[in-house]
Number of protein chains: 2
Amino acid sequence: MGSAERKERQRAELREQILQVARDIVMKEGFGALSMRKLADAVEYAPATLYLHFENRDAIARELCVRGFQELLAVLEPAAACEEPVERLSRLAAAYVAFGLKQPETYRLVFMEDPKLSADLFQDQDEGAGPKSFAVLVRAFEALKAAGQALEDTTPVRLAEVFWAGLHGIVSLKLTCSGFQGTPAEVLAQTLVTSSVHGSKPARATRRTR
Amino acid sequence: MGSAERKERQRAELREQILQVARDIVMKEGFGALSMRKLADAVEYAPATLYLHFENRDAIARELCVRGFQELLAVLEPAAACEEPVERLSRLAAAYVAFGLKQPETYRLVFMEDPKLSADLFQDQDEGAGPKSFAVLVRAFEALKAAGQALEDTTPVRLAEVFWAGLHGIVSLKLTCSGFQGTPAEVLAQTLVTSSVHGSKPARATRRTR
DNA sequence: ACCGTTCTGTGAACACCGTTCATTTATTGC
DNA sequence: GCAATAAATGAACGGTGTTCACAGAACGGT
């Protein structure tokens with residue numbers, strides 16, 4: 001009777017368990033240390049069993065990638081709730097950097113590994129954490145522009161792209177380039193915010209004449 | 001007699017040849033495709049022979065890394081010769097991005113692979129392409145500041161760090177994240193320059209550097 | 001010219017890796 | 001209980017980095 005559903009559920013549970021253990025390994029030892037054999041060992045199955053639930057290692061990586069990005073989005077969204085545009089950007093930057101530094105291996109997996117991995121993240125135009133996260137930034141710059149505090153002749157989309165690139169650069173250089181251990185990432189991020197905001201007059205001052 | 005020097009020279013030549021072939025493989029197929037066996041095959045020696053000239057695969061990678069960075073420096077220096085501060089920054093940004101896009105695999109190797117690789121690049125305080133390249137950027141921001149076109153309360157060093165991070169972010173997101181194929185990297189880089197250069201208005205710090 | 005040393009080069013092996021597939025084991029419907 | 005179906009596996013294939021005992025060539029001294 002209900003045994004069909006139970007089997008399906010058990011199947012899903014094992015799949016989930018595999019992913020959880022894989023996530024643990026990645027966070028603890030990095031993506032490079034995630035091998036099918038080690039993973040199989042950790043979940044106490046034979047290596048071949050993993051292939052009943054995932055096409056191959058890349059499929060597991062992709063799934064972890066998607067979830068990692070969702071975590072990032074979950075961290076960005078509260079920061080985006082802030083009303084004041086400059087403050088909002090500041091909080092977004094802080095949240096982004098904090099995420100990257102707290103979960104370096106996850107960050108590496110999502111943004112610095114094979115291009116194939118992040119391909120899916122931006123595939124669906126509206127759905128997916130990729131476009132959603134980006135939209136959060138774009139809205140922040142729209143708000144900034146509405147307040148007259150952004151460069152006038154640059155679209156919010158482009159500003160958001162450059163801003164994201166700046167954040168990503170800060171985080172990823174911290175993660176890979178030992179030469180960038182000088183200034184703390186949080187400070188760099190706030191400098192980025194400052195230089196992204198045109199004319200740093202107090203926020204609620206009169207709108208700039210255009 | 002001179003046979004000792006000749007042997008030494010031959011040794012160096014083989015070492016050099018190994019590196020050249022390794023470089024070709026990396027540029028053509030990426031660092032991941034560089035295997036000791038394939039490399040040994042290409043130089044027509046047994047795999048074990050490679051270990052007479054390099055401690056291990058990482059040692060080869062490190063060497064390629066150093067040279068890659070030197071190439072980048074060689075591209076940046078002409079751009080740094082420009083007198084006008086804003087124009088100089090613009091040319092530096094363009095050169096950096098062009099290098100990254102033209103030699104993606106080299107760029108990946110230098111800036112996006114194992115942190116151990118880039119460790120050496122910034123080790124020597126003055127020598128080495130790492131600090132030298134960074135110094136080029138710092139000087140550009142010093143010039144910008146002298147011309148009164150940079151944020152006043154931020155040091156050139158920090159501005160250079162954020163600028164570099166921005167450039168790196170642009171290039172690396174282009175290389176890995178398929179979602180960033182919207183705006184061309186060159187355009188983003190110029191937007192970065194624009195937002196890094198404070199307009200004629202003097203900047204007053206927002207008080208919120210938490 | 002020979003011999004012993006020293007250096008260059010190698011084949012074979014070890015321990016891993018991702019992946020496949022025939023085979024066994026467990027579970028189900030009847 | 002039995003046949004059918006699903007889950008799990010052991011063994012294998014070809015690949016990886018790396019090591020090491022061994023062979024061969026080149027050398028300096030006599």
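Naming convention: chains lettered A, B, ... in sequence-line order (proteins, then strands); numbering from 1 in each chain. Basis for what follows: all heavy atoms, side chains included, without hydrogens, waters or symmetry-related copies.
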Determine whether more than 12 heavy atoms belonging to other residues, nucleotides or ligands lie under 6.0 Å from atom CD of Gln10(A). yes
Glu13(B) atom CD is separated from dT8(C) atom C1', nearest whole Å, by 15 Å
Atom CD of Gln10(B) and atom P of dT8(C) are separated, to the nearest Å, by 10 Å
Rounded to whole Å, CD of Gln17(B) lies from C1' of dT8(C) at a distance of 15 Å
Met36(A) atom CE is separated from dT16(D) atom C1', nearest whole Å, by 17 Å
Heavy-atom nearest nucleotide on DNA chain C taken for Lys38(A) and for Glu55(A); more 5' hit belongs to Lys38(A)
Winner on side-chain proximity to Ala48(B), out of dC20(D), dA8(D), dT19(C), is dC20(D)
Give Leu34(A) one of three labels, base, sugar-phosphate or nothing, depending on what nucleic acid heavy atoms sit under 4.0 Å from its own. sugar-phosphate
Taking every heavy atom of Leu188(A) against every heavy atom of Lys174(A), the minimum-distance pair comes out as CD1-CE, 4.4 Å
Testing dT19(C), dC14(C), dG11(C) for proximity to the side chain of Arg57(A), the answer is dT19(C)
Margin query: Can you tell me if Arg11(B) touches the phosphate of dT8(C), counting only side-chain N or O atoms and a distance under 4.0 Å to OP1 or OP2?
Written below: yes
- Does NZ or CZ of Arg57(B) lie under 6.0 Å from the centre of the six-membered ring of Phe31(B), at an angle within 45° of the ring axis? yes
pair_partner(dA13(C)), Watson-Crick or wobble, both distances < 3.5 Å, evaluates to dT18(D)
Closest to the side chain of Asn56(B), out of dT18(D), dT19(C), dG9(C), is dT18(D)
Atom CD1 of Ile18(B) and atom C1' of dT8(C) are separated, to the nearest Å, by 12 Å
Let's test your reading of the model: under 3.5 Å, does the base of dG15(D) pair with the side chain of Arg37(B) as donor and acceptor?
no
Could Arg67(B) and Glu16(B) be called an ion pair, given the rule that one side-chain N must be under 4.0 Å from one carboxylate O?
yes
note: Asp41(A), atom CG; dC16(C), atom P; distance rounded to Å ~ 11 Å
(message) Mind checking if Ile60(A) touches a base, just sugar-phosphate, or nothing, with heavy atoms under 4.0 Å?
(response) nothing
When rounded to whole Å, the CG to C1' distance for the pair Leu39(B) and dT16(D) reads 14 Å
Taking dA7(D), dT19(C), dT8(C) as options, the one with an atom nearest any side-chain atom of Leu52(B) is dT8(C)
Quick note, His53(B) side chain, CB onward, closest among dG9(C), dT19(C), dA8(D) is dG9(C)
Stepwise salt bridge (charged side-chain N to carboxylate O under 4.0 Å, His left out) test for Glu71(A) and Arg23(A):
CA-CA 13 Å; Glu71(A) 288 180 50; Arg23(A) 196 187 109 110; 2.4 Å; yes
With heavy atoms under 4.0 Å as the rule, sort Tyr51(A) into base, sugar-phosphate or nothing.
-> base
task: Give Thr49(A) one of three labels, base, sugar-phosphate or nothing, depending on what nucleic acid heavy atoms sit under 4.0 Å from its own.
output: base
With sequence neighbours left out, the residues meeting side chain to side chain contact (heavy atoms under 4.5 Å, CB included) with Pro184(A) are Glu186(A), Val187(A)
Rounded to whole Å, the OH-P distance (Tyr45(A) to dA7(D)) equals 11 Å
Among the nucleotides dT9(D), dA8(D), dT10(C), whichever has the atom closest to the side chain of Ala46(B) is dT10(C)
